[in-house]
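In what follows, chains carry the letters A, B, and so on, assigned in the order in which the sequence lines appear, proteins first and then strands, with residues in each chain numbered from 1. Small disclaimer: the values here were computed from a predicted structure and weren't measured. Any value given below was found using the heavy atoms of this structure, including those in side chains, with hydrogens, waters and symmetry copies removed.
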There are 2 protein chains.
Amino acid sequence: MALSEAVVTGKSSPPVSKTTQILRTAGLLFLEHGYGATSMDAVARTAGVSKATLYAHFTSKADLFSAIVGAECARAVPMVTCQGLGGLPVAEGLFRIGRTLLDLLLSPQALGVYRVVIAESPRFPELGRAFYRAGPSRTLDALAAYLDDVHRRGELSVPDPMVAAELFWGMVRSHAHLRCLLLVDDSPDSAHRDGHVRTVVTVFMRGFAVSGSPGPQDGGAWSGPVSSP
Amino acid sequence: MALSEAVVTGKSSPPVSKTTQILRTAGLLFLEHGYGATSMDAVARTAGVSKATLYAHFTSKADLFSAIVGAECARAVPMVTCQGLGGLPVAEGLFRIGRTLLDLLLSPQALGVYRVVIAESPRFPELGRAFYRAGPSRTLDALAAYLDDVHRRGELSVPDPMVAAELFWGMVRSHAHLRCLLLVDDSPDSAHRDGHVRTVVTVFMRGFAVSGSPGPQDGGAWSGPVSSP
DNA sequence: GTCTATAGATCGATAGAC
DNA sequence: GTCTATCGATCTATAGAC
């Protein structure tokens, strides 16, 4: 009944629909334990519903899994827009993009999605493609659009923004993402993330500096603290 | 008996031990289908032995899995040595390292190991660390040693070889590795790999070129860690 | 050591009452 | 729509014959 639902959610005023209840619970379980190690029994029990109810809302385990991954991808999309960076210096714009991207990649949700999607893409052929389009590909597009703008303004020489975006993305991710995926060590704190992204921005701007220019001399612009909303 | 073994191996002169027979078969299955989707029945059947024999050689499924991952890591180590590059120009040395590294990362075996280790590291805590030490960490060490040598010769300014190695590795891997892990598209051919690594080497050498300005890691241009609330 | 056969548990998915 | 109860298949792991 609605009683057990209220007990699980801890609040009764907004009667959370069983669908969202299931989705939330299944998301936690799939992202923490993976696809194979998460049973439909566990999802039903943790969500406080019966298995029959579970199968009334989702056709199969694969169907539920796809819904979870899609929802997680959709939730990460708003973070990767590069809006409102046009007026900033390039170094500052790149830093904010890189820092936001790094925070996104190292978030527990993103790590869980990466683990499970990478693991199951051979068994779910369209899942890997859907994830790539909804997640990394959008990040890359936004970054490439920003770099193309920078190139048009003549602040950097980026003839192929897509390639440059991939290199920037690869440097930002670096080994920290892999180490967190493998649980080699804890997630780097804010200061380490700042330092890493600063290094990446410096190398990137030198690598794509306009020919003849002595390079990014506006290091003074970095002395101010970076505001993180 | 030894008959079925000879039939499976296709040759009878070197009597392949059942242990290696099991290891080889299990490696293919685990790396192709993942840990959860590979059953001990399938391993026994494909290897041509009974399940009882299987459990006589390996205590459990997890034990067999760990042995597989360890063997795959050990096989990839010889590829990442950076020997015999001292006499080459830096650009050529970096290109050869990057190209070898890219070929290793995109090989089907490496992709399979990455998928399964990333997926199962939360359930096998030491597995992720063992893989990182045996694989990516060694690559990084060899690359950092090479970069340190380049720095000492004054050909590039690499004050922190480990950080620089991570950036180089990240750019080489880039999105191609992710796309192959997710099966978004086919593996890039030799010409594309050459072009990508050349771009990476160009950007890297510009980013770490010797110049009057301080290098990226010496912290001189930066104001120190930014405290974030 | 290696086999056949099976125990014991759990899986995904469903039938039928309410 | 939601529940209880259960089916049939499959899983890991083991017992006992040879």
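Protein atom CZ of F58(A) is 14 Å distant from nucleotide atom P of dG1(D), rounded to whole Å. Between the OH atom of Y55(A) and the P atom of dT6(D) there is a distance of 19 Å, given to the nearest Å. For the pair L64(A) CG and dA13(C) P, the interatomic distance rounds to 10 Å; values are reported in whole Å. Rounded to a whole Å, the CG atom of D63(A) is 12 Å from the P atom of dT14(C). In this structure, M40(A) atom CE and dG8(D) atom C1' are separated by 17 Å, rounded to whole Å. Straight-line distance from the NZ atom of K61(B) to the P atom of dT10(D): 15 Å, rounded to whole Å. Across the protein-nucleic acid pair, D41(B) atom CG and dC11(D) atom P stand 6 Å apart, rounded to whole Å. Rounded to whole Å, atom P of dG1(D) lies 15 Å from atom CG of L54(A).
Not a single donor-acceptor pair under 3.5 Å links the side chain of S66(B) to the backbone N or O of L127(B). Between the T38(B) side chain and the L29(B) main chain, a donor and an acceptor come within less than 3.5 Å of each other. Listed for the R193(A) side chain is no donor-acceptor partner under 3.5 Å among the backbone atoms of R99(A).
For H57(B), taking side-chain heavy atoms from C-beta onward, the closest of the listed nucleotides dA13(D), dT2(C), dA13(C) is dT2(C). Distances from the side chain of T53(B) to the nucleotides dT2(C), dC11(C), dT4(D) place dT2(C) closest. Side-chain atoms of A52(B) lie closest to dC3(C) of the nucleotides dT4(D), dC3(C), dA13(D).
Residue contacts shown for T38(B) are limited to sugar-phosphate atoms, with no base heavy atom under 4.0 Å away. Counting any heavy atom pair closer than 4.0 Å across all strands shown, T59(A) reaches no nucleic acid atom. Residue contacts for S50(B): at a heavy-atom cut-off of 4.0 Å it reaches a base atom on one of the strands shown.
In this structure, CG on L102(A) lies 11.5 Å from CZ on R173(A), to the nearest 0.5 angstrom.
Within 3.5 Å, a donor on the side chain of K51(B) pairs with an acceptor on the base of dT12(D), or the reverse.
A side-chain N or O of D189(A) and one of H192(A) form a donor-acceptor pair less than 3.5 Å apart.
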